[in-house]
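Data first, discussion second: the structure below is written as structure tokens.
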Amino acid sequence: MNCGPWREKLDAYADESLPAQELVSVDEHLRSCRSCAAEALALLQMKRATRDAAARFAPSTEFRLRVECALQKKQQPLWRISWLPGLAAASAALLLIAVSVTLFTRHVEREQAVAELLDLHVATLASANPIDVVSTDRHTVKPWFQGKLPFTFNLPELKDSQFTLLGGKLIYFNHSPGAQLLFELRRHQLSVFIVQDQSAGFAMNRAVIASSERGFSVEAWTQSGLRYVVISDTNPTDVHALGELMRAEEGQ
Amino acid sequence: MPHFARLYNFACWLTQDRAAAEDLVQEAFMKALKGFRSFQQGTNFRAWIYRIIRNTFLTSQAGLKASISFDSDADAPPEPATAETPESVLFARMEQQAIQKALAALPVNYREIILLCDLEEMSYQEISQALTIPMGTVMSRLSRARRAMRAMLAAGAQGVAR
């Protein structure tokens, strides 16, 4: 079999960048060609190994502070110019830029943070051992996190609800430990991520924000200095219902 | 500062020197602040900021030296010494160090495209914007970069086996 044309598509296949129609034909070919299937697997393994190995260098806090200070200093001359005749226009423009940058940055950061948590949720569901502590009892799951997290949280009583607690696991998000709790509802699994406010890496309103990412329902909010994000492939109403239970328990 | 930690990691891989990476990141953020008006709302912010850091690197002294190899796209990289895929033999005992070593040894144009695709998980479209190259070049360069990396890993594995 001449696999040359197929081989040329395997990089894009591994990168999930093939158009839908070509994806189907490559999938079919891989089912019938062991050699190309091995090559595709090798590419995927290499991609994963590279991702893990390449996340290697982290900036120091001192360096981050230094850049922040330098950026603030750089912004000051703009304000000095603003007293010139175009004071009003310049001030308004600067304010608009600052607000736009802040809003845009927050939006981008929030999207990335949610995307990262979404990946964690999907990886958990795909894992053979999805949870570290397997229990439907909140009094077993919550104490398991003692000593592992620099914060604590409350878990709601679920016996009168339609949700079942499956367990929890320790995650690392933005280099800080956090909790992932797994719940079940009619065979759908829902993750509740709890991370520290400052480690979330994105600014978020105190209001509950519901959205849809890659077909998953997502709901996020801040409470008691912690950021909560609920993710599931079930409908937004169910996700909201679990969010309400968590919020009610934490608010007590 | 959006993407700060990831840009620093990317800069370390480009410069292969932490002090130079710090200078590069700081300079890139200054340029981003200064040139924010050139950023068109609605376009890809991540590709824009990576393009700034990459262009800043290319115009630095280290970048100018590294960019000598940039026109080598047409050159075929060395093929693996054996016909079998090196991964099948390697992955069981492959250390992260082996990948890091191979990545560091790649020409900068290969290293950066692998990092953008595999670590930053950018789409081909985003990579095209960040590197200011056509989509077709993204695909061909990525393929060559990966082959070159596999050849290096295979050569490294043979060295270990001896």
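Lettering of chains follows the sequences in order, A, B, ..., and the numbering in each one begins at 1. The model shown is predicted, which means the values in this text are computed figures rather than measured ones.
Interface check for chain B: of the options R51(A), R56(A), R48(A), the most heavy-atom pairs under 4.5 Å are formed by R56(A).
Ring centroids of F45(B) and W48(B) are separated by less than 6.0 Å, placing the two rings close together.
Only the side chain of E121(B) has a heavy atom closer than 4.5 Å to any heavy atom of chain A. Contacts of S17(A) with chain B are made by side-chain atoms alone, with heavy-atom separations under 4.5 Å and no backbone atom involved. A58(A) touches chain B through its backbone: at least one of N, CA, C or O sits under 4.5 Å from a heavy atom, while the side chain does not.
Taking S123(B) as the reference, Q125(B), E126(B) meet the side chain to side chain contact (heavy atoms under 4.5 Å, CB included) condition, with sequence neighbours excluded. Residues meeting the salt bridge (charged side-chain N to carboxylate O under 4.0 Å, His left out) test with D119(A), sequence neighbours left out: R214(A).
When only modelled atom types and interatomic distance are considered, R18(B) and S60(A) share no side-chain donor-acceptor pair under 3.5 Å.
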